[in-house]
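See structure below.
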Amino acid sequence: MNHQQPLSYRSAFMLILKRDLTIALRHQDDIINPLLFFIIVVTLFPLGIGPEANTLSRIAPGIIWVAALLATLLSLDRLFKSDHEDGSLEQMLLSPHPVFVLVLAKIFAHWLITGLPLILIAPVLAVLLHLNENSYLALMLTLLLGTPILSLLGAIGVALTVGIKKGGVLLSLLILPLYIPVLIFATSAIDTAAMNLPYNGQLAIIAALFFGSLTLAPFAAGAALKVSTN
């Protein structure tokens, strides 16, 4: 009699990651819509306040980061919702693997689908906003450290509201206050870089927020999913 070997944590993580990426590639609007939203929001500002370079350069960090934050928020609703609707979320919660491993895989897939494209397109949009040339490295570093935090913290809010119909407004009210520290320190780092001053302190705080979220958010989201689906 053959006994099937249980999957290792790594194999379970890769299985969920590959599944979510495959679904996203089949439904490409999951990738394209947040990216288009990000581009449209950023390009609206020069049209609204005029093309004056000094003004745009001064507010460029805030524009890019607020647009990235809203684009991530727009995409969060699908993190667990479709799995909840087709019943696969309950199957995932009943699996013998720790829920935090499966949740972390889904969050990582969400960042690859939404956060990574935003990071790649951001320098192009920064040129449109006349971002100071000294700030590009700080922009990329803050986005590289900060966008995973948006996905990790957002997963907690989605997990709490996954069983609520039309829970988008509640999700925004829960998550947006948690995003404020990332927004403040990221824009501060970019502004400091523009003045040729060291911004290691702001980066260290964002990195601490990243590792803290990476450590705690999968457990919190897993617990919230169990509460929401019962």
Side-chain angles (χ1 to χ4, degrees), residues 6-38 67-122 140 143-163 167-168 171-172 174-175 178-179 182 209-226 228-229:
L7 291 174
S8 65
Y9 289 0
R10 181 177 178 276
S11 299
F13 179 92
M14 294 304 297
L15 188 66
I16 295 293
L17 177 63
K18 185 178 178 182
R19 171 185 174 274
D20 278 20
L21 292 178
T22 303
I23 292 173
L25 290 175
R26 287 178 182 170
H27 302 87
Q28 295 186 358
D29 56 325
D30 290 350
I31 303 173
I32 294 172
N33 287 350
L35 186 60
L36 278 179
F37 180 84
F38 179 64
L69 189 151
L70 294 176
T72 303
L73 189 64
L74 179 72
S75 65
L76 280 173
D77 196 43
R78 296 187 177 184
L79 185 56
F80 299 120
K81 185 74 77 178
S82 59
D83 291 337
H84 178 64
E85 290 172 350
D86 64 19
S88 56
L89 181 61
E90 291 185 1
Q91 296 296 320
M92 187 178 77
L93 295 176
L94 292 172
S95 75
H97 302 96
V99 175
F100 78 89
V101 174
L102 309 180
V103 169
L104 184 60
K106 292 187 71 65
I107 295 171
F108 185 48
H110 176 266
W111 179 78
L112 288 176
I113 294 165
T114 60
L116 190 58
L118 300 186
I119 295 172
L120 296 176
I121 198 69
M140 298 302 288
L143 286 172
L144 200 59
L145 286 171
T147 50
I149 301 174
L150 304 183
S151 294
L152 287 161
L153 295 179
I156 302 173
V158 180
L160 287 170
T161 59
V162 71
L171 174 64
S172 303
L174 286 172
I175 294 304
L178 301 178
Y179 285 171
V182 184
L209 291 172
F210 167 67
F211 286 111
S213 303
L214 182 64
T215 305
L216 300 176
F219 291 97
L225 282 175
K226 290 179 179 177
S228 299
T229 54

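The residues of the chain are indexed from 1 along the displayed sequence.
- If you take CG on Leu150 and CG on Leu70, they are separated by 10.0 Å, rounding to the nearest 0.5 Å.
- Side-chain contact between Asp77 and Val158 is absent, with no heavy-atom pair separated by less than 4.5 Å.
- Rounded to the nearest 0.5 Å, atoms CG (Leu21) and CZ (Arg26) are 12.0 Å apart.
- Here the closest heavy-atom approach between residue Thr215 and residue Phe219 is recorded as O-CD1, 3.1 Å.
- Side-chain contact between Leu104 and Phe108 is absent, with no heavy atoms from C-beta onward closer than 4.5 Å.
- Atom CD1 in Ile107 sits 7.5 Å away from atom OG in Ser151 (nearest 0.5 Å).
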Run the side-chain contact (heavy atoms from CB on, under 4.5 Å) test on Ser95 and Leu102 for me, step by step, so that the C-alpha distance in whole Å, both residues' side-chain angles and the decisive distance to 0.1 Å come before the verdict.
CA-CA 10 Å; Ser95 75; Leu102 309 180; 3.4 Å; yes
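- Contact annotation: the side chain of Leu93 never approaches that of Glu90 to less than 4.5 Å [non-hydrogen atoms, C-beta and beyond].
- Put simply, the side chain of Leu143 does not reach to within 4.5 Å of the side chain of Leu118, judged on heavy atoms.
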Would Ile119 and Trp111 satisfy side-chain contact (heavy atoms from CB on, under 4.5 Å), going step by step from the backbone distance to the final call?
CA-CA 10 Å; Ile119 295 172; Trp111 179 78; 3.8 Å; yes
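- Side-chain contact check for Ser82 versus His27: every heavy-atom pair is 4.5 Å or farther apart.
- Using a distance-only test at 3.5 Å, with no hydrogens or angles considered, no donor-acceptor pair links the side chain of Ser228 to the main chain of Leu225.
- The aromatic rings of Phe100 and Tyr9 sit perpendicular to each other, their planes meeting at more than 60°, with 30° as the lower class boundary.
- Going from atom NZ of Lys81 over to atom CG of Leu171 covers 8.5 Å, rounded to the nearest 0.5 Å.
- The shortest distance between side-chain heavy atoms of Leu178 and Ile156 does not fall below 4.5 Å.
- The minimum heavy-atom distance between Ser88 and Asp86, with the atom names listed, is OG-OD1, 2.6 Å.
- Screening Leu153, Leu214, Val182, Leu152 for a side chain to side chain contact (heavy atoms under 4.5 Å, CB included) with Leu209, the sole residue that qualifies is Val182.
- Put simply, CG on Leu79 and CG on Asp20 are 8.0 Å apart, with the number rounded to the nearest 0.5 Å.
- Scanning both residues, Thr161 and Gly157, for their nearest heavy atoms gives OG1-O, 3.0 Å.
- A distance of 9.5 Å separates CG of Leu89 from CG of Leu94, quoted to the nearest 0.5 Å.
- The two residues Ser172 and Leu73 come nearest to each other via the heavy atoms OG-CD2, 3.7 Å.
- Taking all atoms of both residues into account, the shortest heavy-atom contact from Gly154 to Leu76 is CA-CD1, 3.5 Å.
- Taking all atoms of both residues into account, the shortest heavy-atom contact from Pro218 to Ser213 is CD-O, 3.6 Å.
- Counting heavy atoms from C-beta outward, Thr72 and His110 have side chains that approach closer than 4.5 Å.
- Contact annotation: the side chain of Val99 approaches that of Lys226 to within less than 4.5 Å [non-hydrogen atoms, C-beta and beyond].
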Before giving the answer on side-chain contact (heavy atoms from CB on, under 4.5 Å), spell out for Ile16 and Lys106 the whole-Å C-alpha distance, their side-chain angles and the decisive distance to 0.1 Å.
CA-CA 7 Å; Ile16 295 293; Lys106 292 187 71 65; 3.5 Å; yes
